[in-house]
Amino acid sequence: MNYQKKTKKILWGGATASSQYEGGYQLGGKGLDTQDCRPYLKRTSDATTSTRLLTQSVIDQAKQVEGIGNYPFRMGSDGVDHIEEDIALLKELGIEIYRFSISWARLYPRGDEEQPNEEGIRFYDAIFEKVHQAGMKIFLTMTHYAVPLYLVEHYGGWTNRKLITFYLRFAKTVFEHWGKYVDYYLPFNEINAGYFSPYNGVALVKPENGPYDQSLVFQSLHHQFVASAQVIKLGHEMCPGSQFGCMVACFCYYPLTARPEDNLKAVRDEQIHQWFAVDILANGHYPSYMDRFFRENDIHIQMEPEDEQLLRDYTSDFVSFSYYSSSIATTQETGEQTAGNLVVSTKNPYLNASEWGWQIDPIGLRIMLNKMYDRTQKPVFISENGFGARDVLEVDGSIHDPYRIEYLKQHFEQIEQAIDDGVDVLGYIMWGVIDIVSAGSCEMEKRYGVVYVDADNNGNGTYKRYKKDSFGWYKQFIEEHA
Ligand code: BGP
């Protein structure tokens with residue numbers, strides 16, 4: 001057989017996020033943000049994330065605490081004291097693209113100021129210049145969950161349309177100062193997180209007693225969709241040639257059985273959980289299936305007359321997603337439950353899982369790449385993927401993480417397969433390339449990096465950096481594929 005495999009050179013990268021990495025939560029006039037108020041809670045077996053508990057009383061308590069206390073995001077991985085060293089490590093690793101984010105509250109401490117905080121500008125000037133000098137491309141997440149707390153307490157977070165104006169002001173500052181360095185922009189991290197984790201995604205505080213109001217959740221999401229379109233418009237004007245993406249957390253639903261009901265549930269879950277955001281941001285319209293979902297759930301959102309046109313005219317240039325594990329859909333109340341990124345799912349008997357219950361499914365990544373490309377016909381960036389595990393620092397400073405190498409190897413093979421399937425893949429970004437605080441559980445012990453950071457869940461440690469075995473493995477892989 002004369003089969004010719006299709007190959008393509010893609011970008012290999014690594015990522016961090018400001019709130020999980022930087023620390024320095026009050027440095028240079030930075031304002032308090034939503035992540036600074038999330039306490040570390042000891043993990044429980046039911047896989048709940050601490051964001052689900054973020055009520056006003058939890059925030060009030062956090063505001064009383066001066067210093068790091070039990071608030072790990074205030075310290076992150078102490079990036080502020082290790083920036084040069086970390087960028088040198090990333091350069092040594094050989095990644096071609098570095099994904100990081102800007103702290104909104106470092107640039108606009110309250111969020112509604114007319115002018116940015118000069119110290120914040122200088123802080124990021126140094127980072128952009130160093131990353132650029134190190135020869136890496138930049139994939140910039142403009143906001144990765146953290147929103148200035150003032151905007152939450154005085155405006156109601158993204159429920160308020162005024163946030164679009166504040167966000168655009170913030171974006172304009174970013175384009176003016178660092179537009180020349182950035183290759184790929186992401187207006188919002190995992191925009192569909194607003195649905196599963198409203199505090200993280202849309203800065204919505206949980207009512208003390210009872211669930212979130214779904215109309216508020218979807219109203220906030222609508223404001224983010226419009227903000228994204230407006231940012232793309234402004235970004236294309238101010239930084240010609242720049243590429244803007246959209247990003248969702250992907251879950252890859254499989255029906256539990258061949259029952260048509262389970263199949264329908266899998267289709268529906270994917271529509272509501274991930275595709276609706278992709279259809280709006282990449283394809284330019286609210287999909288019709290959302291109409292029924294809104295009617296069935298008594299969800300009402302207000303749109304302005306110009307919104308529809310904006311969403312249609314300013315769609316993303318590329319699409320991207322985070323992928324960690326797949327999920328199961330069923331209408332039957334059966335089976336053991338397990339955790340995953342943002343969602344809890346029925347356990348898949350054919351898959352192994354991480355210590356945190358996230359099911360390991362490399363083929364799911366190939367499936368998601370195919371589905372995403374089929375649906376949008378836009379180039380696809382895997383903006384997050386990686387393996388969260390407990391690593392052991394040996395006395396000689398080594399860290400042996402064969403499980404991470406195996407995870408990466410298997411996922412990379414599936415990317416190669418997806419390219420051969422015809423998917424236009426732009427690049428792969430390893431999540432938490434340097435160990436950072438977990439977004440879901442505020443832990444340090446759930447590590448993704450190829451660089452180990454010596455700190456524990458309570459913030460004890462030297463914060464010294466060590467290379468794991470996976471560092472050498474990823475470095476060699478990039479060299480061979482660059
Ligand atoms: C995504 C977030 C990241 C991140 C990752 C891993 O949802 O965009 O910020 O941390 O998942 O999740 P966790 O940190 O909960 O393991």
Side-chain angles (χ1 to χ4, degrees), residues 13-22 33-35 38 40-41 43-44 47-54 72-73 76-77 79 99-103 139-147 186-203 224 245-252 273-274 277 320-327 338-345 353-360 365 368 381-391 404 407 411 428-449 453 455 457:
T16 60
S18 58
S19 67
Q20 294 167 260
Y21 165 74
E22 284 174 5
D33 65 36
T34 44
Q35 301 299 307
R38 291 181 54 199
Y40 161 60
L41 301 173
R43 190 153 44 106
T44 55
T48 49
T49 68
S50 61
T51 41
R52 304 223 170 98
L53 311 169
L54 257 292
F73 292 98
S77 316
R99 175 182 171 212
F100 61 96
S101 70
I102 297 222
S103 157
F139 185 114
L140 186 70
T141 318
M142 302 181 69
T143 45
H144 195 122
Y145 293 159
V147 171
L186 198 58
F188 293 95
N189 178 62
E190 292 183 331
I191 201 160
N192 55 338
Y195 180 44
F196 307 99
S197 183
Y199 183 79
N200 272 345
V202 288
Q224 290 193 336
C246 62
M247 177 188 176
V248 290
C250 269
F251 309 112
C252 192
H273 294 178
Q274 66 198 27
S320 78
F321 63 87
S322 61
Y323 174 81
Y324 293 93
S325 48
S326 55
S327 316
T338 191
N341 184 23
L342 303 170
V343 294
V344 172
S345 157
S354 76
E355 186 187 325
W356 278 261
W358 296 23
Q359 309 186 93
I360 304 165
L365 175 58
M368 276 334 304
F381 229 118
I382 302 152
S383 46
E384 268 185 40
N385 171 254
F387 190 55
R390 189 186 301 279
D391 296 326
R404 182 166 294 108
Y407 179 99
H411 283 74
Y428 170 91
I429 298 182
M430 178 195 292
W431 179 247
V433 63
I434 296 168
D435 288 346
I436 51 178
V437 176
S438 154
S441 51
C442 307
E443 289 166 288
M444 200 64 207
E445 274 172 10
K446 188 183 187 193
R447 300 167 181 278
Y448 289 85
V453 174
N457 290 344

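Along the sequence shown, residues are numbered consecutively beginning with 1. Every value quoted in this text rests on a predicted model; they were computed, and no experiment measured them. Indexing begins at 1, ligand by ligand and atom by atom, following the structure's order.
Using cut-offs of 30° and 60° on the angle between ring planes, the pair His273 and Tyr195 is tilted.
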Inset, instruction - Take Tyr145 and Asp33 through the test side chain to side chain donor-acceptor pair (under 3.5 Å) and record every step on the way to the result. - result: CA-CA 10 Å; Tyr145 293 159; Asp33 65 36; over 6 Å; no

Inset, instruction - Before giving the answer on side-chain contact (heavy atoms from CB on, under 4.5 Å), spell out for Asn200 and Arg38 the whole-Å C-alpha distance, their side-chain angles and the decisive distance to 0.1 Å. - result: CA-CA 10 Å; Asn200 272 345; Arg38 291 181 54 199; 3.4 Å; yes

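Between Glu445 and Glu355 the shortest side-chain heavy-atom distance does not fall below 4.5 Å.
Using a heavy-atom distance under 4.0 Å as the criterion, the protein contacts of ligand 1 are Gln20, His144, Tyr145, Asn189, Glu190, Tyr324, Asn341, Trp358, Glu384, Trp431, Ser438, Ala439, Gly440, Lys446, Tyr448.
To the nearest 0.5 Å, atom OG1 of residue Thr141 and atom CD of residue Glu384 are 8.0 Å apart.
Ring to ring, Phe196 and Phe251 are close: their centroids are under 6.0 angstrom apart.
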